[in-house]
Structures are given as C-alpha cells and as structure tokens.
Amino acid sequence: MGNAFRRSPWQVFGLVIGLLYGLAITIVVVGVLFAARLIPDVSSLHSVLVVIGSIVVAGFAVLPLIFGVDDTLDPRKFALFGLPNRQLSTGLALAALIGIPSVVLIVCTFATIVTWSRDPGTTLLAVISFAVIVATCVLVGRVTTTLASFLFSSRRSREFGGVVGIIVIVLLAPVAFLLLTIDWGRDGLSTVTGFASWLAWTPLGAAWSVPGEAAQGDWGAAILQLLIALATLGLLWVAWNALVAKVLVTPSREAEARAYAGLGWFGRLRGGPTAAIAARSMTYWARDPRYWVSLVLIPLVPAFVIVALTLGGIPAHYASLVPLPLVCLFLGWTIHNDVAFDNTAIWLHVVSGTRGVADRVGRMFPPILLGIPVIAIGSIVTAAVFGDWVILPTVASLSGAILLIGIGLSSVASVLFPYPATKPGDSAFAQPQTSGASAALAQALSFFAIVVLASPIIVFLVLGLTVSPVWLSVAPVAGVVLGFGCLFGGLYLGAWAYNRRQPELMAFANRND
C-alpha cells in the first residue's frame with residue numbers, strides 16, 4: 001500500500017488530497033466529540049450518535065457493492081503464497097486498518113470514549129464499543145469489497161451494479177427530500193430520536209448505542225445491545241473466513257458465452273428494409289446495455305416526481321396523473337440520438353441504399369411496441385388511483401400523444417442534430433470526451449419541444465379538472481390530431497433529411513469513431 005506514493009504525480013496528488021480531506025474531517029469530528037463531553041442532555045446526544053454511527057456502518061457495507069472498488073488486498077492475489085486460510089484472512093483484516101477511511105474511523109470512534117467518559121462503567125463500555133465498531137466496519141468493508149471484486153469482475157455485472165447504485169440513489173432522493181421538509185428547529189430532535197430508537201437494536205447501531213444507554217442508567221438495554229453487536233461481529237468474522245476460503249479456490253468470473261438458436265426478431269419480422277431495421281432495433285433494445293440501462297431508469301423518474309409532489313402538498317389523486325405521461329415522454333425521447341448509437345455501422349444503411357422512410361419507421365418500432373401496453377395498462381391504473389373513470393380517455397390520449405410527438409421529433413433530431421454517444425461495446429456509463437455544449441443543447445431542445453407541442457392537451461386536461469368537464473372531451477381529439485400530425489410530419493421530415501444528409505452522417509460517424 002506504500003507503493004501508492006510511487007505512482008504517477010497526479011495519482012500521488014489525488015492521494016495527498018484524500019489524506020488532507022480525511023485529516024480535515026477527523027479534526028472537525030474529534031473536536032465536536034470532545035466538546036460533546038460537556039453536553040448535559042445525554043439522551044439527545046445518544047440519539048444523534050446512534051443515527052450517525054448507523055450511517056457510517058451502512059456506508060462501509062453498501063458503497064463497495066454499489067460502486068465497486070479496486071481491491072488492493074484481494075484474497076485471490078495471495079492464492080499462490082501457500083498461506084493457511086485463517087492466517088490469510090486475519091492478515092488481510094488487520095491490513096484493512098491501513099487506509100484513509102479506516103484511519104479516520106479509528107480516530108473519530110476513539111474520540112467517542114472521551115464523549116462517554118462520565119463514569120468508570122460507561123467508560124469501560126465505551127472502550128469495548130470502540131473496538132467492536134472498528135472491527136465491525138473493517139470486516140463488513142472487507143466482505144463487501146471482496147464480494148464486489150468477485151461478483152463484478154465482468155463488465156456486464158459491473159454495469160448491473162451501477163444500475164443498482166443509481167436506482168438506490170434515486171429511491172433515496174425522496175427520503176432526502178422528506179428530511180429537508182422537516183422543521184429541524186422544532187421537530188428535528190424528535191425525528192432523530194425516533195430513528196435512533198429502532199436503529200439501536202439493529203446491527204447498524206447497536207454498538208454505537210451501548211455507552212449511551214449505560215450513561216442514561218439503562219444497563220440492561222446496554223448489555224443486550226452489546227450482545228447484538230458482538231453477535232454481528234462474530235457472524236461477520238465467520239463470513240469473512242468462509243469468503244476467503246471460497247475465493248481462493250474459485251477463478252475470476254467471466255461473462256458467460258450464450259448460444260442463441262434461431263433468428264430472434266429477424267425471424268419474427270420478415271420483409272424488406274423496414275422490418276430488418278425494426279428487428280435490429282428490437283435486438284439492440286433487448287441486449288445492448290446502452291438501451292436497457294435507460295429503460296430501467298425511465299420508471300424511476302416518475303416515481304421520484306410523484307413522491308416529491310406529494311411531499312410538496314399536491315393532493316395524491318392529482319399527483320397520480322403525472323407518472324404515465326412522464327414515462328411516455330422519456331420513452332419517445334429515447335431515440336432522439338439513435339443514429340449516433342449505430343456509430344460506423346450506419347454505413348450499412350448508406351451503401352445498401354436504404355431509404356429514409358424505412359430507416360425512420362424501423363427505428364420507431366421498439367418505443368411503439370413498448371408504449372402500447374404501457375399506455376393501456378397505465379391509463380387504467382391512473383384512472384383507478386384518481387378515482388374517476390371519466391379521466392381515462394383524456395389520460396390515454398395525452399400519454400399516447402406525448403409518445404407519438406416524441407417519436408416524431410426524435411426522428412428528425414437524430415438526423416439533423418446527432419451528437420457523440422457511447423460507442424457499441426463500451427460501458428453504458430462511459431461518456432464520450434467530445435460531448436459538450438452541443439450535446440446538452442440538442443438534448444434540451446428535443447426534450448422541451450415535446451413538452452411544448454403537447455402543452456395544448458395538458459391545458460385542456462387542466463381546464464377539464466378545474467373549469468368544466470367539457471374540456472375533457474376536447475383533450476382526446478386534440479391528442480389524436482397533435483400526436484399523429486407530429487408523428488407523420490416527423491417521419492416525413494426525418495426521412496427527407498436522412499436521404500439528403502447521408503454523407504454528413506457518415507462523416508459524423510467516422511469523426512466520432
């Protein structure tokens with residue numbers, strides 16, 4: 001680990017910055033914990049430390065699984081040394097104490113001994129809790145880090161872990177929003193106390209809670225929580241030893257080679273160029289991580305929005321009208337840069353003389369195929385949650401119109417305003433370095449143009465809910481006219497632009513290869 005200072009200057013610079021950052025955090029936290037020794041309100045101090053400590057333990061456990069890390073002390077690197085499993089697992093666990101997170105943890109947790117040095121008994125439990133907390137965080141970090149390096153060795157598994165991480169972050173966002181809405185001056189302490197009351201009896205916060213319970217005179221709860229913490233540490237030690245023994249005799253996971261029978265979508269969609277392009281697009285959407293990562297994230301954005309609206313005071317039955325149109329908005333917008341996703345493979349369309357209509361219609365097949373059941377099922381669910389079936393035609397027409405408008409505009413934007421995209425075969429989370437202001441402008445214009453063109457239907461829906469139900473019968477007519485008008489207009493303009501700009505599209509593909 002000392003070899004980290006022998007790397008390139010920029011890597012050493014990053015390491016020094018990390019050390020300084022950890023030192024700054026340590027100084028601040030230690031100063032606060034020393035000052036907390038003088039706080040007479042032991043109950044409130046206990047609740048705050050339990051909640052913060054639980055977050056620390058959860059961070060050691062979850063972050064390696066979500067984002068993955070470069071495991072310097074991977075047990076598999078010691079497979080040829082002939083070390084006994086128990087000796088190797090013990091050595092790796094002790095070596096994990098060397099590192100910026102571990103050193104910060106040790107120093108800050110040691111300062112809690114000063115915080116709880118109220119009497120000899122509490123001080124003794126604080127010392128024991130300090131050792132248990134450090135050992136628990138180190139072991140849980142070693143277990144999850146080894147699992148991450150073992151399970152996420154292939155690119156597809158790493159991308160799956162990245163998707164899970166993004167999902168977790170998105171799902172936690174409403175929780176953060178809820179915490180921001182709390183009046184901490186009035187209700188903050190009671191909220192923290194409520195969290196601490198059950199975290200103290202979980203493996204996350206039991207060890208942090210022991211000295212606080214003792215300081216309050218509840219020695220029975222302190223002993224029980226200490227037993228929970230020790231049992232958690234014992235289970236982690238057993239799991240760590242078993243994991244080391246397992247990975248030492250297990251080769252690195254590699255992506256499994258799959259054997260496919262038949263022609264897949266090419267066998268189902270038989271015909272001319274349009275059917276071939278539609279079959280290829282469906283194959284990409286099913287197998288290419290660049291597409292399915294976006295598809296996985298599409299339902300999460302409306303979920304976050306509806307929670308935010310509800311917490312912001314919007315009635316739940318009105319907020320229920322938002323998710324389905326949002327899903328259709330993102331689904332139609334997904335193909336706004338579809339040509340760039342082909343990269344240099346676009347030359348097959350050019351040299352084969354594929355007409356623009358075939359290319360445009362074939363690419364819109366996946367969002368249409370997915371959008372039909374989404375709108376059918378989503379409209380029924382929306383009307384049921386809203387509590388009035390009169391809204392069903394309006395919601396269905398609005399969602400369908402947004403989808404068709406998005407597909408029509410995307411058919412034009414992907415030809416006129418392509419911007420560099422992740423190359424085929426690269427990670428779905430890789431970003432091309434050539435992407436700049438032009439990419440952001442193309443994304444913003446194509447996205448908000450869909451909203452602007454669909455705004456008349458949204459206005460009719462709002463008028464139908466607030467002024468007169470007559471407007472609810474106008475919205476479906478407007479949805480059909482605007483939706484199919486934009487779809488056919490976009491396909492016509494997109495096909496015309498594709499026929500005229502084939503040389504420019506080839507130059508764009510070669511420039512960004």
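The backbone N or O of D41 sits nowhere less than 3.5 Å from a side-chain atom of S44 that would complete a donor-acceptor pair. Not a single donor-acceptor pair under 3.5 Å links the side chain of S209 to the backbone N or O of A206.
The closest side-chain heavy-atom distance from H46 to V50 is below 4.5 Å. The side-chain heavy atoms of S410 and I335, taken from C-beta on, include a pair separated by under 4.5 Å.
Qualifying side chain to side chain donor-acceptor pair (under 3.5 Å) partners for S411, counting only residues two or more places apart in sequence or in other chains: none. The salt bridge (charged side-chain N to carboxylate O under 4.0 Å, His left out) search around R280 returns D342, not counting sequence neighbours. Not counting sequence neighbours, the partners of T354 by the side chain to side chain donor-acceptor pair (under 3.5 Å) test are S352. Considering only residues two or more places apart in sequence or on other chains, H336 meets the ring-ring contact (aromatic ring centres under 6.0 Å, His included) condition with W333, Y419. Among residues two or more places apart in sequence or in another chain, the ring-ring contact (aromatic ring centres under 6.0 Å, His included) test is passed with F330 by F447. Under the rule for a side-chain contact (heavy atoms from CB on, under 4.5 Å), the partners of L45 that lie at least two apart in sequence or sit in another chain are A36, L49, T115, W116, R118. Judged as a side-chain contact (heavy atoms from CB on, under 4.5 Å), and not counting sequence neighbours, the contacts of V339 are I346, R360, R363, S414, L505.
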Donor-acceptor pairs under 3.5 Å, side chain of residues 388-404 to any protein atom, not counting sequence neighbours: which ones?
from: D388; atom 1: OD1; to: V390; atom 2: N; distance (Å): 3.1
from: T394; atom 1: OG1; to: L472; atom 2: O; distance (Å): 2.9
from: S397; atom 1: OG; to: P393; atom 2: O; distance (Å): 3.0
from: S397; atom 1: OG; to: T394; atom 2: O; distance (Å): 2.9
from: S399; atom 1: OG; to: V395; atom 2: O; distance (Å): 2.9

Anything under 3.5 Å between a donor and an acceptor, one on a side chain of residues 377-385, the other on a protein residue two or more places apart or in another chain? List them.
from: S379; atom 1: OG; to: I375; atom 2: O; distance (Å): 2.6
from: T382; atom 1: OG1; to: G378; atom 2: O; distance (Å): 2.7

Donor-acceptor contacts under 3.5 Å from residues 460-469 side chains, at least two apart:
from: T466; atom 1: OG1; to: V462; atom 2: O; distance (Å): 2.7
from: S468; atom 1: OG; to: V470; atom 2: N; distance (Å): 3.3

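Residues in residues 352-385 take part in no ring pair (Phe, Tyr, Trp, His ring centres under 6.0 Å) pair, two or more places apart or across chains. Identified under the ring pair (Phe, Tyr, Trp, His ring centres under 6.0 Å) test for residues 474-500, with sequence neighbours left out: none.
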